[in-house]
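Everything below concerns the one structure shown next.
Sequential numbering from 1 along the given sequence is applied to the chain's residues. Whatever order the structure lists them in is the order used to number ligands and atoms, beginning at 1.
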Amino acid sequence: MTFNNRQSTRNFPSLVGTVFCSVWLMTVGGWCGSVRANAPGDVRTEYHPGRILIQARPGVRGESLASLHGTRKVKVLISIRGQGALQLVPLEPGESVPVAIKRYEESGWVVFAEPDYARHLALTPNDPKYTEGTLWGLNNYGQGGGTPDADIDAPEAWDIRTSASNIVVAVLDTGIRRTHEDLAANVWTNSTLGGFGWNALAGTTSPADDEGHGSLVSGVLGAVGNNGKGVTGVAWSVQIMAGKCFNSQRLGYDSDIIVCIDFARTNGAKVINASLGAYAYSQSLSNAIFEARQAGIIFVASSGNDGNDIDANPYYPAGFDIDNIVSVGFTTRDDTADPRSNYGARNVDLMAPGTSMYSTFFAADNSYLGGSFLYGSSLAAPYVTGAFALALAKFPGETHQQIIQRVLGGVDRFPSLSGKCVTGGRLNLRNALSAPILLSPLAATGVHPFHFRVSSSPNRSCIVESSPDLATWTPVFTNTTAGDGTFDYADTDSGGALRRFYRGVSAQ
Ligand code: CA
Ligand code: CA
(Lines give C-alpha, C1' and ligand atoms only; values in the text may rest on other atoms or scores of the structure.)
(Ligands and ions follow the chains in the order given, each with its own letter.)
Protein backbone atom coordinates (compact mmCIF):
# COMPACT_ATOMS: atom_id res chain seq x y z
CA MET A 1 0.00 0.00 0.00
CA THR A 2 1.05 3.54 -0.35
CA PHE A 3 0.43 6.95 1.05
CA ASN A 4 0.10 9.89 -1.24
CA ASN A 5 1.76 11.99 1.39
CA ARG A 6 1.26 13.21 4.92
CA GLN A 7 -1.01 15.98 3.81
CA SER A 8 -3.44 13.76 1.98
CA THR A 9 -3.75 11.36 4.88
CA ARG A 10 -4.88 14.31 6.91
CA ASN A 11 -7.50 15.16 4.31
CA PHE A 12 -9.62 12.05 4.34
CA PRO A 13 -12.90 13.99 4.44
CA SER A 14 -12.37 15.28 0.92
CA LEU A 15 -11.94 11.73 -0.33
CA VAL A 16 -14.96 10.52 1.58
CA GLY A 17 -16.93 13.31 -0.03
CA THR A 18 -16.49 11.77 -3.46
CA VAL A 19 -19.59 9.60 -3.37
CA PHE A 20 -20.25 8.95 -7.02
CA CYS A 21 -17.80 6.15 -7.51
CA SER A 22 -19.43 2.75 -7.43
CA VAL A 23 -16.29 0.88 -6.47
CA TRP A 24 -14.31 2.41 -3.67
CA LEU A 25 -10.86 1.07 -3.83
CA MET A 26 -8.07 2.69 -2.02
CA THR A 27 -4.66 2.41 -0.73
CA VAL A 28 -4.53 4.25 2.53
CA GLY A 29 -4.59 7.92 1.80
CA GLY A 30 -4.99 7.58 -1.94
CA TRP A 31 -7.14 6.17 -4.65
CA CYS A 32 -6.10 3.18 -6.56
CA GLY A 33 -6.98 2.94 -10.19
CA SER A 34 -3.60 3.43 -11.70
CA VAL A 35 -0.35 1.76 -10.94
CA ARG A 36 2.14 4.26 -9.64
CA ALA A 37 4.61 5.13 -12.32
CA ASN A 38 7.31 5.34 -9.71
CA ALA A 39 6.73 1.87 -8.33
CA PRO A 40 9.63 -0.24 -9.51
CA GLY A 41 9.38 -3.84 -8.44
CA ASP A 42 12.00 -5.16 -6.12
CA VAL A 43 12.67 -8.21 -8.27
CA ARG A 44 16.33 -8.69 -8.80
CA THR A 45 17.32 -8.84 -12.41
CA GLU A 46 21.06 -9.19 -12.05
CA TYR A 47 22.38 -11.78 -14.46
CA HIS A 48 25.64 -12.91 -15.95
CA PRO A 49 26.44 -10.53 -18.81
CA GLY A 50 28.29 -13.06 -20.93
CA ARG A 51 26.08 -16.13 -21.19
CA ILE A 52 22.52 -17.48 -21.26
CA LEU A 53 20.70 -20.72 -20.55
CA ILE A 54 18.76 -22.48 -23.31
CA GLN A 55 16.78 -25.69 -23.42
CA ALA A 56 16.29 -27.57 -26.68
CA ARG A 57 12.80 -28.61 -27.77
CA PRO A 58 12.11 -32.33 -27.44
CA GLY A 59 13.04 -33.99 -30.69
CA VAL A 60 15.43 -31.29 -31.81
CA ARG A 61 18.58 -33.06 -32.75
CA GLY A 62 21.79 -32.09 -31.10
CA GLU A 63 23.36 -31.41 -34.47
CA SER A 64 20.78 -28.74 -35.25
CA LEU A 65 21.62 -26.76 -32.18
CA ALA A 66 25.29 -27.40 -32.72
CA SER A 67 25.01 -25.91 -36.18
CA LEU A 68 23.32 -22.84 -34.72
CA HIS A 69 26.08 -22.52 -32.16
CA GLY A 70 28.57 -22.94 -34.98
CA THR A 71 26.94 -20.19 -37.01
CA ARG A 72 27.23 -18.00 -33.96
CA LYS A 73 30.84 -19.12 -33.44
CA VAL A 74 30.22 -20.08 -29.81
CA LYS A 75 30.77 -23.30 -27.92
CA VAL A 76 28.49 -24.73 -25.26
CA LEU A 77 29.97 -24.10 -21.83
CA ILE A 78 27.97 -26.74 -19.94
CA SER A 79 25.32 -29.27 -20.96
CA ILE A 80 23.11 -30.52 -18.16
CA ARG A 81 21.56 -33.73 -19.37
CA GLY A 82 19.51 -34.43 -16.26
CA GLN A 83 17.52 -31.29 -16.96
CA GLY A 84 16.42 -32.12 -20.49
CA ALA A 85 18.83 -30.55 -22.89
CA LEU A 86 19.76 -27.53 -20.83
CA GLN A 87 22.83 -25.73 -22.10
CA LEU A 88 24.84 -22.78 -20.92
CA VAL A 89 26.06 -20.89 -23.96
CA PRO A 90 28.26 -17.80 -24.22
CA LEU A 91 27.38 -14.67 -26.12
CA GLU A 92 29.08 -13.54 -29.28
CA PRO A 93 31.42 -10.59 -28.88
CA GLY A 94 29.37 -7.42 -28.58
CA GLU A 95 26.09 -9.28 -28.22
CA SER A 96 23.71 -8.48 -25.37
CA VAL A 97 21.83 -11.05 -23.33
CA PRO A 98 18.37 -9.99 -24.63
CA VAL A 99 19.58 -10.16 -28.24
CA ALA A 100 21.05 -13.61 -27.75
CA ILE A 101 17.86 -14.82 -26.13
CA LYS A 102 15.84 -13.48 -29.05
CA ARG A 103 18.05 -15.26 -31.58
CA TYR A 104 17.63 -18.63 -29.90
CA GLU A 105 13.89 -18.13 -29.47
CA GLU A 106 13.51 -17.23 -33.13
CA SER A 107 15.37 -20.38 -34.18
CA GLY A 108 12.34 -22.42 -33.11
CA TRP A 109 14.66 -25.03 -31.64
CA VAL A 110 14.43 -24.11 -27.98
CA VAL A 111 11.72 -24.40 -25.35
CA PHE A 112 13.15 -21.31 -23.73
CA ALA A 113 16.21 -19.14 -23.55
CA GLU A 114 16.81 -17.06 -20.45
CA PRO A 115 19.44 -15.08 -18.57
CA ASP A 116 21.76 -16.83 -16.15
CA TYR A 117 20.38 -14.97 -13.14
CA ALA A 118 22.37 -14.14 -10.04
CA ARG A 119 20.97 -15.22 -6.67
CA HIS A 120 21.97 -14.19 -3.21
CA LEU A 121 22.44 -15.91 0.06
CA ALA A 122 20.18 -14.70 2.81
CA LEU A 123 22.22 -12.23 4.79
CA THR A 124 22.62 -12.59 8.50
CA PRO A 125 25.17 -10.28 10.07
CA ASN A 126 27.74 -11.77 12.44
CA ASP A 127 27.63 -8.99 15.02
CA PRO A 128 27.42 -10.75 18.42
CA LYS A 129 24.71 -8.61 19.99
CA TYR A 130 22.53 -9.25 16.97
CA THR A 131 23.26 -12.97 16.93
CA GLU A 132 22.51 -13.23 20.66
CA GLY A 133 19.14 -11.59 20.17
CA THR A 134 19.83 -8.44 22.20
CA LEU A 135 18.69 -6.30 19.28
CA TRP A 136 15.09 -7.50 19.48
CA GLY A 137 13.74 -4.58 17.45
CA LEU A 138 15.55 -5.86 14.37
CA ASN A 139 14.45 -9.48 14.76
CA ASN A 140 12.13 -10.58 17.56
CA TYR A 141 11.72 -14.34 18.00
CA GLY A 142 10.23 -14.05 21.47
CA GLN A 143 13.49 -13.53 23.34
CA GLY A 144 13.15 -11.64 26.62
CA GLY A 145 9.47 -12.56 26.90
CA GLY A 146 8.50 -10.56 23.82
CA THR A 147 6.03 -11.35 21.07
CA PRO A 148 7.59 -13.06 18.04
CA ASP A 149 7.75 -10.79 14.99
CA ALA A 150 7.23 -7.59 17.00
CA ASP A 151 10.12 -6.17 15.00
CA ILE A 152 10.95 -4.29 11.82
CA ASP A 153 11.70 -7.47 9.79
CA ALA A 154 15.33 -6.48 9.38
CA PRO A 155 16.71 -9.87 8.25
CA GLU A 156 14.09 -10.06 5.49
CA ALA A 157 14.86 -6.48 4.48
CA TRP A 158 18.59 -7.16 4.43
CA ASP A 159 17.96 -9.74 1.70
CA ILE A 160 17.00 -6.71 -0.36
CA ARG A 161 19.58 -4.17 0.75
CA THR A 162 22.09 -3.62 3.57
CA SER A 163 24.14 -0.70 2.31
CA ALA A 164 23.43 2.99 2.22
CA SER A 165 27.10 3.83 1.87
CA ASN A 166 26.41 6.72 -0.51
CA ILE A 167 23.83 8.34 1.80
CA VAL A 168 24.86 11.03 4.29
CA VAL A 169 22.76 11.09 7.45
CA ALA A 170 23.15 13.99 9.85
CA VAL A 171 22.61 13.31 13.55
CA LEU A 172 21.69 16.41 15.58
CA ASP A 173 22.84 15.38 19.02
CA THR A 174 25.70 15.34 21.52
CA GLY A 175 28.24 14.30 18.86
CA ILE A 176 29.75 10.94 18.02
CA ARG A 177 32.73 8.88 19.14
CA ARG A 178 34.47 8.88 15.80
CA THR A 179 36.99 6.18 16.71
CA HIS A 180 34.46 3.66 18.05
CA GLU A 181 35.15 0.18 16.68
CA ASP A 182 31.57 -0.19 15.48
CA LEU A 183 31.07 3.34 14.15
CA ALA A 184 34.38 4.50 12.72
CA ALA A 185 33.90 3.02 9.25
CA ASN A 186 30.50 4.68 8.93
CA VAL A 187 31.45 8.17 10.08
CA TRP A 188 31.25 10.84 7.39
CA THR A 189 34.40 12.83 6.78
CA ASN A 190 34.57 16.33 5.41
CA SER A 191 36.79 16.34 2.35
CA THR A 192 37.14 20.12 2.21
CA LEU A 193 37.25 21.38 5.80
CA GLY A 194 38.42 18.19 7.47
CA GLY A 195 36.67 16.80 10.52
CA PHE A 196 33.55 14.66 10.70
CA GLY A 197 30.70 17.12 11.09
CA TRP A 198 30.09 20.35 12.95
CA ASN A 199 30.43 21.26 16.61
CA ALA A 200 28.13 24.24 17.00
CA LEU A 201 29.11 24.69 20.65
CA ALA A 202 32.80 25.05 19.89
CA GLY A 203 32.64 26.28 16.31
CA THR A 204 34.86 23.45 15.07
CA THR A 205 34.61 20.51 12.69
CA SER A 206 35.14 18.04 15.55
CA PRO A 207 31.79 17.07 17.08
CA ALA A 208 33.19 14.64 19.65
CA ASP A 209 30.60 13.07 21.94
CA ASP A 210 30.98 14.04 25.62
CA GLU A 211 27.69 12.63 26.86
CA GLY A 212 26.82 9.45 24.98
CA HIS A 213 23.36 10.09 23.55
CA GLY A 214 24.63 10.86 20.05
CA SER A 215 26.75 7.72 19.88
CA LEU A 216 23.80 5.60 21.03
CA VAL A 217 21.53 7.11 18.38
CA SER A 218 24.19 6.72 15.70
CA GLY A 219 24.65 3.03 16.47
CA VAL A 220 20.93 2.29 16.10
CA LEU A 221 20.76 3.75 12.62
CA GLY A 222 24.20 2.87 11.34
CA ALA A 223 26.60 0.85 13.50
CA VAL A 224 28.83 -1.18 11.20
CA GLY A 225 27.04 -4.39 10.24
CA ASN A 226 28.62 -7.79 9.71
CA ASN A 227 32.05 -6.84 11.08
CA GLY A 228 31.98 -9.39 13.90
CA LYS A 229 31.82 -6.67 16.53
CA GLY A 230 29.16 -5.33 18.84
CA VAL A 231 25.89 -4.40 17.20
CA THR A 232 24.58 -3.67 13.74
CA GLY A 233 22.71 -0.62 12.60
CA VAL A 234 19.55 -0.74 10.53
CA ALA A 235 21.90 0.21 7.68
CA TRP A 236 25.12 -1.82 7.75
CA SER A 237 26.99 0.97 6.03
CA VAL A 238 26.10 4.63 5.77
CA GLN A 239 27.81 8.01 6.24
CA ILE A 240 27.00 9.49 9.65
CA MET A 241 27.60 13.24 9.88
CA ALA A 242 27.54 14.42 13.47
CA GLY A 243 26.05 17.81 14.29
CA LYS A 244 26.89 18.58 17.89
CA CYS A 245 24.28 20.97 19.25
CA PHE A 246 23.78 19.45 22.72
CA ASN A 247 26.21 19.76 25.61
CA SER A 248 27.31 17.18 28.14
CA GLN A 249 24.21 17.96 30.21
CA ARG A 250 21.94 17.01 27.27
CA LEU A 251 20.96 20.65 26.83
CA GLY A 252 20.76 22.19 23.37
CA TYR A 253 19.47 25.49 22.02
CA ASP A 254 17.62 26.19 18.79
CA SER A 255 20.42 28.45 17.57
CA ASP A 256 22.93 25.60 17.68
CA ILE A 257 20.43 23.11 16.30
CA ILE A 258 19.72 25.44 13.36
CA VAL A 259 23.44 25.89 12.65
CA CYS A 260 23.78 22.11 12.48
CA ILE A 261 20.72 21.79 10.21
CA ASP A 262 22.26 24.35 7.86
CA PHE A 263 25.59 22.53 7.97
CA ALA A 264 23.81 19.29 7.07
CA ARG A 265 21.86 20.97 4.27
CA THR A 266 24.93 22.56 2.71
CA ASN A 267 27.13 19.48 3.04
CA GLY A 268 25.08 16.83 1.28
CA ALA A 269 22.96 15.22 3.99
CA LYS A 270 19.85 13.42 2.69
CA VAL A 271 18.32 12.59 6.07
CA ILE A 272 18.51 14.40 9.40
CA ASN A 273 17.90 12.55 12.66
CA ALA A 274 16.57 14.79 15.39
CA SER A 275 16.05 12.80 18.56
CA LEU A 276 15.13 15.99 20.38
CA GLY A 277 12.26 18.33 21.07
CA ALA A 278 10.36 20.62 23.41
CA TYR A 279 6.85 21.95 23.91
CA ALA A 280 7.78 25.25 22.35
CA TYR A 281 7.05 26.54 18.87
CA SER A 282 9.99 28.21 17.14
CA GLN A 283 9.61 30.05 13.85
CA SER A 284 13.35 29.95 13.21
CA LEU A 285 13.56 26.20 13.78
CA SER A 286 10.53 25.69 11.56
CA ASN A 287 12.15 27.83 8.86
CA ALA A 288 15.42 25.89 9.04
CA ILE A 289 13.56 22.60 8.59
CA PHE A 290 11.55 24.09 5.74
CA GLU A 291 14.79 25.07 4.00
CA ALA A 292 16.00 21.51 4.44
CA ARG A 293 12.70 20.41 2.91
CA GLN A 294 13.35 22.64 -0.12
CA ALA A 295 16.65 20.78 -0.51
CA GLY A 296 14.81 17.43 -0.48
CA ILE A 297 16.06 16.39 2.95
CA ILE A 298 13.96 14.08 5.13
CA PHE A 299 13.77 15.20 8.77
CA VAL A 300 13.09 12.48 11.35
CA ALA A 301 11.96 13.76 14.74
CA SER A 302 11.30 11.88 17.95
CA SER A 303 7.88 12.36 19.51
CA GLY A 304 9.07 12.71 23.13
CA ASN A 305 8.82 10.49 26.17
CA ASP A 306 6.23 12.05 28.44
CA GLY A 307 3.19 9.92 27.64
CA ASN A 308 1.46 12.99 26.22
CA ASP A 309 -0.93 13.50 23.33
CA ILE A 310 1.09 15.94 21.25
CA ASP A 311 -1.91 16.86 19.14
CA ALA A 312 -3.29 18.50 22.28
CA ASN A 313 0.10 19.62 23.61
CA PRO A 314 2.25 20.25 20.55
CA TYR A 315 5.85 19.14 20.77
CA TYR A 316 8.39 20.47 18.28
CA PRO A 317 9.95 19.81 15.83
CA ALA A 318 7.75 16.68 15.63
CA GLY A 319 4.63 18.86 15.47
CA PHE A 320 5.61 21.30 12.71
CA ASP A 321 3.32 20.81 9.71
CA ILE A 322 6.04 20.43 7.09
CA ASP A 323 5.91 17.46 4.72
CA ASN A 324 9.52 16.35 5.15
CA ILE A 325 9.09 15.79 8.89
CA VAL A 326 8.46 12.22 9.98
CA SER A 327 7.81 11.93 13.70
CA VAL A 328 8.34 8.73 15.61
CA GLY A 329 6.94 7.29 18.84
CA PHE A 330 8.14 4.06 20.42
CA THR A 331 6.82 0.56 20.91
CA THR A 332 7.63 -2.34 23.20
CA ARG A 333 8.76 -5.86 22.38
CA ASP A 334 5.05 -6.74 22.32
CA ASP A 335 4.17 -4.21 19.61
CA THR A 336 2.22 -1.98 21.94
CA ALA A 337 2.84 1.74 22.28
CA ASP A 338 5.01 2.23 25.34
CA PRO A 339 2.92 4.28 27.81
CA ARG A 340 5.88 6.64 28.20
CA SER A 341 5.85 7.47 24.49
CA ASN A 342 4.19 10.67 23.32
CA TYR A 343 1.51 9.98 20.72
CA GLY A 344 -0.82 11.86 18.42
CA ALA A 345 -3.13 10.84 15.60
CA ARG A 346 -1.98 13.89 13.65
CA ASN A 347 1.48 14.81 14.92
CA VAL A 348 3.10 11.37 15.25
CA ASP A 349 3.54 9.52 11.97
CA LEU A 350 4.57 6.06 13.03
CA MET A 351 6.16 4.08 15.83
CA ALA A 352 9.33 2.03 16.03
CA PRO A 353 10.96 -0.16 18.68
CA GLY A 354 12.27 1.83 21.62
CA THR A 355 12.42 -0.16 24.86
CA SER A 356 15.34 -2.18 26.24
CA MET A 357 17.69 -0.77 23.66
CA TYR A 358 21.37 -1.57 23.24
CA SER A 359 23.85 0.40 21.17
CA THR A 360 27.31 1.88 20.75
CA PHE A 361 28.46 4.16 23.60
CA PHE A 362 30.94 7.02 23.79
CA ALA A 363 32.99 5.94 26.82
CA ALA A 364 35.58 3.91 24.87
CA ASP A 365 36.18 2.55 21.40
CA ASN A 366 34.70 -0.79 22.44
CA SER A 367 32.01 0.62 24.72
CA TYR A 368 28.35 -0.37 24.43
CA LEU A 369 25.37 0.42 26.60
CA GLY A 370 21.95 -1.11 26.97
CA GLY A 371 19.25 -2.68 29.07
CA SER A 372 15.76 -2.01 30.33
CA PHE A 373 16.83 1.45 31.53
CA LEU A 374 17.62 2.53 27.98
CA TYR A 375 14.41 3.45 26.18
CA GLY A 376 12.72 6.29 24.37
CA SER A 377 11.68 7.88 21.13
CA SER A 378 15.29 9.07 20.82
CA LEU A 379 16.18 5.49 19.98
CA ALA A 380 13.07 4.76 17.90
CA ALA A 381 13.69 7.70 15.57
CA PRO A 382 17.05 6.31 14.32
CA TYR A 383 15.34 3.06 13.33
CA VAL A 384 13.25 5.13 10.96
CA THR A 385 16.26 7.21 9.88
CA GLY A 386 18.18 4.03 9.02
CA ALA A 387 15.18 2.83 7.02
CA PHE A 388 15.16 6.11 5.08
CA ALA A 389 18.87 5.78 4.33
CA LEU A 390 18.35 2.31 2.87
CA ALA A 391 15.24 3.37 0.93
CA LEU A 392 17.07 6.39 -0.52
CA ALA A 393 19.94 4.14 -1.56
CA LYS A 394 17.59 1.63 -3.18
CA PHE A 395 15.32 4.16 -4.93
CA PRO A 396 17.71 6.97 -5.87
CA GLY A 397 15.38 8.65 -8.36
CA GLU A 398 12.56 9.32 -5.93
CA THR A 399 11.64 12.53 -4.15
CA HIS A 400 11.60 12.88 -0.39
CA GLN A 401 7.80 12.63 -0.50
CA GLN A 402 7.92 9.36 -2.43
CA ILE A 403 10.47 7.87 -0.07
CA ILE A 404 8.36 8.94 2.92
CA GLN A 405 5.34 7.27 1.28
CA ARG A 406 7.26 4.02 1.09
CA VAL A 407 8.17 4.02 4.75
CA LEU A 408 4.79 5.20 6.06
CA GLY A 409 2.86 3.01 3.65
CA GLY A 410 4.85 -0.06 4.69
CA VAL A 411 4.11 -0.04 8.42
CA ASP A 412 2.58 -2.99 10.23
CA ARG A 413 -0.72 -1.77 11.62
CA PHE A 414 -2.14 -2.80 14.97
CA PRO A 415 -5.38 -1.89 16.72
CA SER A 416 -3.36 -0.83 19.77
CA LEU A 417 -1.56 1.82 17.70
CA SER A 418 -4.70 3.06 15.95
CA GLY A 419 -5.33 6.66 16.92
CA LYS A 420 -1.85 6.94 18.42
CA CYS A 421 -0.20 7.98 15.18
CA VAL A 422 -1.08 8.87 11.59
CA THR A 423 -0.40 5.41 10.20
CA GLY A 424 -1.51 3.41 13.24
CA GLY A 425 1.53 1.27 12.69
CA ARG A 426 5.12 0.32 13.51
CA LEU A 427 8.01 0.57 11.06
CA ASN A 428 8.53 -2.45 8.82
CA LEU A 429 11.84 -2.22 6.97
CA ARG A 430 11.10 -5.09 4.61
CA ASN A 431 7.95 -3.42 3.37
CA ALA A 432 9.70 -0.06 3.04
CA LEU A 433 12.20 -1.62 0.65
CA SER A 434 9.67 -3.75 -1.25
CA ALA A 435 7.20 -2.94 -3.97
CA PRO A 436 4.00 -1.41 -2.57
CA ILE A 437 0.74 -3.35 -2.70
CA LEU A 438 -1.60 -1.62 -5.13
CA LEU A 439 -5.24 -2.21 -6.01
CA SER A 440 -6.73 -1.41 -9.40
CA PRO A 441 -10.36 -1.88 -10.48
CA LEU A 442 -11.51 -4.57 -12.91
CA ALA A 443 -14.89 -4.85 -14.60
CA ALA A 444 -17.63 -6.14 -12.33
CA THR A 445 -18.17 -9.88 -12.50
CA GLY A 446 -21.85 -10.87 -12.47
CA VAL A 447 -23.38 -10.05 -9.12
CA HIS A 448 -20.08 -9.07 -7.53
CA PRO A 449 -19.45 -5.38 -8.19
CA PHE A 450 -16.23 -5.15 -6.22
CA HIS A 451 -13.62 -6.75 -8.43
CA PHE A 452 -10.01 -5.70 -8.64
CA ARG A 453 -6.43 -6.67 -9.21
CA VAL A 454 -3.84 -6.71 -6.44
CA SER A 455 -0.32 -5.89 -7.65
CA SER A 456 3.03 -6.07 -5.89
CA SER A 457 6.23 -8.08 -6.23
CA PRO A 458 5.98 -11.77 -7.26
CA ASN A 459 5.26 -14.43 -4.65
CA ARG A 460 4.23 -11.94 -2.00
CA SER A 461 1.58 -12.89 0.53
CA CYS A 462 -1.00 -10.11 0.70
CA ILE A 463 -4.13 -9.54 2.73
CA VAL A 464 -7.08 -7.65 1.24
CA GLU A 465 -8.94 -5.71 3.90
CA SER A 466 -12.29 -3.98 3.54
CA SER A 467 -13.98 -1.21 5.44
CA PRO A 468 -17.41 0.41 5.33
CA ASP A 469 -16.14 3.71 6.71
CA LEU A 470 -12.30 3.96 6.48
CA ALA A 471 -12.14 3.49 10.24
CA THR A 472 -12.73 -0.20 10.84
CA TRP A 473 -10.82 -2.66 8.65
CA THR A 474 -11.54 -6.36 8.30
CA PRO A 475 -9.39 -8.88 6.42
CA VAL A 476 -11.49 -10.48 3.67
CA PHE A 477 -9.01 -12.37 1.54
CA THR A 478 -5.42 -13.60 1.69
CA ASN A 479 -3.49 -14.75 -1.33
CA THR A 480 0.00 -14.88 -2.75
CA THR A 481 0.85 -12.97 -5.91
CA ALA A 482 1.79 -15.03 -8.95
CA GLY A 483 5.00 -14.75 -10.94
CA ASP A 484 3.69 -11.56 -12.58
CA GLY A 485 3.17 -10.00 -9.14
CA THR A 486 -0.64 -9.99 -9.23
CA PHE A 487 -3.80 -11.79 -8.24
CA ASP A 488 -7.41 -10.85 -8.85
CA TYR A 489 -10.13 -10.69 -6.26
CA ALA A 490 -13.93 -10.38 -6.44
CA ASP A 491 -15.67 -9.73 -3.14
CA THR A 492 -18.40 -12.39 -3.04
CA ASP A 493 -19.59 -11.27 0.35
CA SER A 494 -20.18 -7.56 -0.06
CA GLY A 495 -23.81 -7.99 0.99
CA GLY A 496 -25.24 -5.60 -1.57
CA ALA A 497 -23.20 -2.71 -0.17
CA LEU A 498 -23.21 0.28 -2.51
CA ARG A 499 -19.78 1.33 -1.47
CA ARG A 500 -16.92 -0.28 0.33
CA PHE A 501 -13.27 0.59 0.82
CA TYR A 502 -10.42 -1.80 0.22
CA ARG A 503 -6.73 -1.83 0.91
CA GLY A 504 -3.93 -4.32 0.53
CA VAL A 505 -1.48 -5.03 3.33
CA SER A 506 1.46 -7.36 3.64
CA ALA A 507 0.75 -10.66 5.38
CA GLN A 508 3.12 -11.01 8.32
CA1 CA B 1 10.23 -10.33 11.94
CA1 CA C 1 28.99 -4.39 14.26
Side-chain angles (χ1 to χ4, degrees), residues 122-165 176-187 215-240 331-336 350-362 364-370 380 382-384 386-387 389-390 407 410-414 417 425-434 460-461 463 505-508:
L123 294 169
T124 301
N126 60 12
D127 310 84
K129 289 299 174 186
Y130 176 80
T131 314
E132 292 166 19
T134 306
L135 308 179
W136 65 268
L138 298 173
N139 187 25
N140 188 342
Y141 46 87
Q143 70 271 39
T147 302
D149 206 31
D151 58 42
I152 68 167
D153 281 346
E156 295 88 343
W158 290 333
D159 283 348
I160 301 169
R161 186 158 195 114
T162 60
S163 170
S165 60
I176 191 170
R177 187 173 181 100
R178 173 170 64 158
T179 52
H180 194 286
E181 63 178 10
D182 224 5
L183 292 172
N186 285 350
V187 175
S215 296
L216 289 166
V217 166
S218 297
V220 172
L221 73 92
V224 180
N226 203 36
N227 65 345
K229 289 178 180 162
V231 293
T232 178
V234 172
W236 294 8
S237 59
V238 64
Q239 297 183 47
I240 303 171
T331 51
T332 69
R333 46 171 101 224
D334 295 311
D335 263 340
T336 57
L350 77 168
M351 302 237 171
T355 60
S356 294
M357 293 287 104
Y358 189 97
S359 187
T360 46
F361 201 48
F362 83 118
D365 286 343
N366 60 354
S367 172
Y368 300 85
L369 185 70
Y383 269 92
V384 176
L390 288 173
V407 170
V411 299
D412 289 330
R413 292 176 173 77
F414 304 103
L417 301 185
R426 183 255 304 130
L427 174 70
N428 184 299
L429 183 62
R430 175 192 57 182
N431 292 347
L433 299 181
S434 301
R460 185 166 187 196
S461 184
I463 301 170
V505 299
S506 185
Q508 291 155 41

* To do: Calculate the angle formed at the Ca ion (ligand 2) by OD2 in D182 and O in V231; 10° precision is enough.
  => 70°
* Indicate if the distance from the Ca ion (ligand 2) to the nearest N, O or S atom of N227 falls below 3.0 Å. => yes
* So among N186, D182, I240, which one has a side chain to side chain contact (heavy atoms under 4.5 Å, CB included) with S218? -> I240
* Taking the Ca ion (ligand 2) as the vertex, how big is the angle to O in V224 and OD2 in D127, rounded to 10°? -> 90°
* To do: Check whether the ring centres of W158 and Y130 lie less than 6.0 Å apart, and answer yes or no.
  => yes
* To do: Give a yes or no on whether A223 keeps an N, O or S atom under 3.0 Å from the Ca ion (ligand 2).
  => no
* To do: Restricting to N/O/S, name the atom of D153 that gets closest to the Ca ion (ligand 1).
  => OD1
* Asked: Looking just at side-chain N and O atoms, do T355 and T332 make a donor-acceptor pair shorter than 3.5 Å?
  -> no
* To do: May I ask you to check if any N/O/S atom from K229 comes under 3.0 Å of the Ca ion (ligand 2)?
  => yes
* **Donor-acceptor contact below 3.5 Å, side chain N139 vs main chain D151** => no
* Is N431 reaching over with its side chain to a backbone N or O of D412, donor-acceptor style, under 3.5 angstrom? -> no
* To do: Would you name the heavy atoms of V187 and I176 that are closest together and state the gap between them?
  => CG2-CD1, 3.9 Å
* Hey, is there an N, O or S on D149 sitting under 3.0 Å from the Ca ion (ligand 1)? -> yes
